[in-house]
There are 2 protein chains.
Amino acid sequence: MGTVTKALSLLGYFSQTRPEIGLSELARLSGMNKATVYRMMSELVDQGFAEQTRQGKSYRLGPEVLRLAALREAAVPLLSVAREMLMQLSESTGETAHVSIVQGTRLNALAHQYSPRHGTRVMMEDAEVLSFHGTASGLAVLAFAEPAFVDAVLARPLVAHTAKTETRPDAIRARIAAIRATGLAESVGGFEADVHSLAVPVFGPDAQPIGALAVAAPVARMTPDLAACAAEALRRCAADLTRRTGGFAPEPLPEEA
Amino acid sequence: MGTVTKALSLLGYFSQTRPEIGLSELARLSGMNKATVYRMMSELVDQGFAEQTRQGKSYRLGPEVLRLAALREAAVPLLSVAREMLMQLSESTGETAHVSIVQGTRLNALAHQYSPRHGTRVMMEDAEVLSFHGTASGLAVLAFAEPAFVDAVLARPLVAHTAKTETRPDAIRARIAAIRATGLAESVGGFEADVHSLAVPVFGPDAQPIGALAVAAPVARMTPDLAACAAEALRRCAADLTRRTGGFAPEPLPEEA
DNA sequence: AACCAACGGTTCAAATAATGAACCAACTAT
DNA sequence: ATAGTTGGTTCATTATTTGAACCGTTGGTT
């Protein structure tokens, strides 16, 4: 592993639940030497990718990432276009809509939009880590990902988030085969109890899935009518999003081996 | 210079005007060996900080920066709070409001908000590089920055963006001394002809300026009335923004003149 | 169609930068 | 005091980065 990769991987330990990390803790988390972590973090701080809260205290992500994100949006307006789609989705379904993207071997929620229509809503956190096997979004991605990627994901321990989470690799493979046929992924209580989600993949320039658009409703409200409406809206929005960010949907729907 | 710093500095060559850069061009820009750039970019691509448009083509910023930015916002809601302030500012002044932050020795526009009140507006680009000596925002930052920082900025060649740009270091020092007294920076046509801007600094946890809030209007519309209104709103909003992002204004707080 | 230049990508000996155990000084709770 | 933290530093050893030269392609000119 190169030095740059190691340094950047340090940034991966920050999350909503752990927004600030001290030097020793970061060394422990990464398994690297404290001196190494110190030097790397110093460089990251110099470059604005990290900053220290008070002097000589915990590290957190720095302001430079905001500038880069603004630049990335200027080049590939994924987030701004996605927000348009989320508005449409939450508007037409009356439920929570969200978009997530694949980051290496993880799936991250990126943005969400609530609908004011109902008093109860499925709540989301941006930048939350989603599981591939437990969420509709994750399944949508897996269904169109390269076999090697699927193998890698399913080789890891599969957490049972709820009593209804499917954790048997072969059962999951069967489900994603079905999803590949319809282009629509579904999860009922697989990640959060009482949440019924529908999701469709979004594709990048190489026709690989880069993420997913999803609609999430309380189980009781996801009637066949709503599901049909959401499915139609999701397909349309995802196609739009793929196209407007310079992506391509895979031409022939790949078939299972 | 460490390897990590070099790799991250490569990301600095991307801008709105140059959103995609080829391998050779990047090597030329950075003065580094092509093989070096190739390996570094490969690592950056692996980590999601960069991506290649088509296979074997130009590089651009990657999706990982979006995730980090979302995380940074969760920890320090600078951008989201700033957007609230920008709405207020553009609403109450009827002009363009924008926020910028210091990145190393550069000042970058981060977000902006237009007002629909007038047919002509001062236009902005997010992630644009601003000059310290030519903009109200830059002067606001300089006025409260450490002397060493001011020296470093003024030691560089000072570009005359317009005929009205002040480029004499001693004249600029006099101006920022005055700004320090009032807490309000002003620039008339110093960056763009026919633009009159007002700006106030925003402070970080160490009472150092991290950026600025500004209002920009066409010269003809910036009447004393509007300037007074904008100044009051800017001071209030900047104080709010500083406080809500965990910052502190320096103790000898300049009072209204 | 032959040519040339520029492109992205690759190789390998030589040179340089990263590494990590041990060590500070400061702080906290026992 | 003590013992166990913390962030930060040192320096000989080691492993990684480096860069000139080299591919195979591509795209434009002659």
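In the text below, chain A, chain B and the rest are named by the order of the sequence lines, each starting its count at 1. The figures that follow rest on heavy atoms only: side chains count, while hydrogens, waters and symmetry mates do not.
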_A:Glu64 and A:Arg67 ion-paired at < 4.0 Å_ = yes

*If you measure from the Lys or Arg side-chain nitrogens to the Asp or Glu carboxylate oxygens, is any gap between B:Asp170 and B:Arg173 under 4.0 Å?*
no

*Let me know the distance between OH of B:Tyr59 and P of C:dC7, rounded to the nearest Å.*
13 Å

*Could you check how far OH of A:Tyr38 sits from C1' of C:dC24, rounded to whole Å?*
13 Å

*Angle, rounded to 10°, between the helical axes spanning five pairs at each terminus of the helix from C:dA1-D:dT30 to C:dT30-D:dA1?*
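End-to-end axis angle for the helix from C:dA1-D:dT30 to C:dT30-D:dA1: 40°, rounded to 10°.
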
*For residues B:Thr17 and B:Ser15, is any side-chain donor paired with an opposing acceptor at under 3.5 Å?*
yes

*Does the side chain of A:Ser137 come under 3.5 Å of the side chain of A:Thr135 through a donor N or O and an acceptor N or O?*
no

Side-chain contact test, heavy atoms from C-beta onward, threshold under 4.5 Å: evaluate it for [X] versus [Y] and give yes or no.
| X | Y | answer |
| --- | --- | --- |
| A:Glu20 | A:Thr53 | yes |
| B:Phe14 | A:Leu68 | no |
| B:Arg175 | B:His133 | no |

*Could you give the start and end, 5' to 3', of the contact zone on DNA chain D for chain A, using atoms under 4.0 Å from its heavy atoms?*
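So the contact region on DNA chain D extends D:dT6 to D:dT17.
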
*Backbone of A:Ala74 reached by a side-chain donor or acceptor of B:Gln16 within 3.5 Å*: no

*Using atom types as modelled and distance alone, determine if a side-chain donor or acceptor of A:Thr165 lies under 3.5 Å from a backbone N or O of A:Thr162.*
yes

*How does each nucleotide of nucleotides 16-22 of chain C score, in 5' to 3' order, for protein heavy atoms under 4.0 Å: base (B), sugar-phosphate only (S), or none (-)?*
-SSBBB-

*Are B:Gln52 and C:dG9 close enough that a side-chain N or O sits under 4.0 Å from OP1 or OP2?*
yes

*Could you tell me the separation between the CE atom of B:Met40 and the CG atom of B:Leu11, rounded to the nearest 0.5 Å?*
11.0 Å

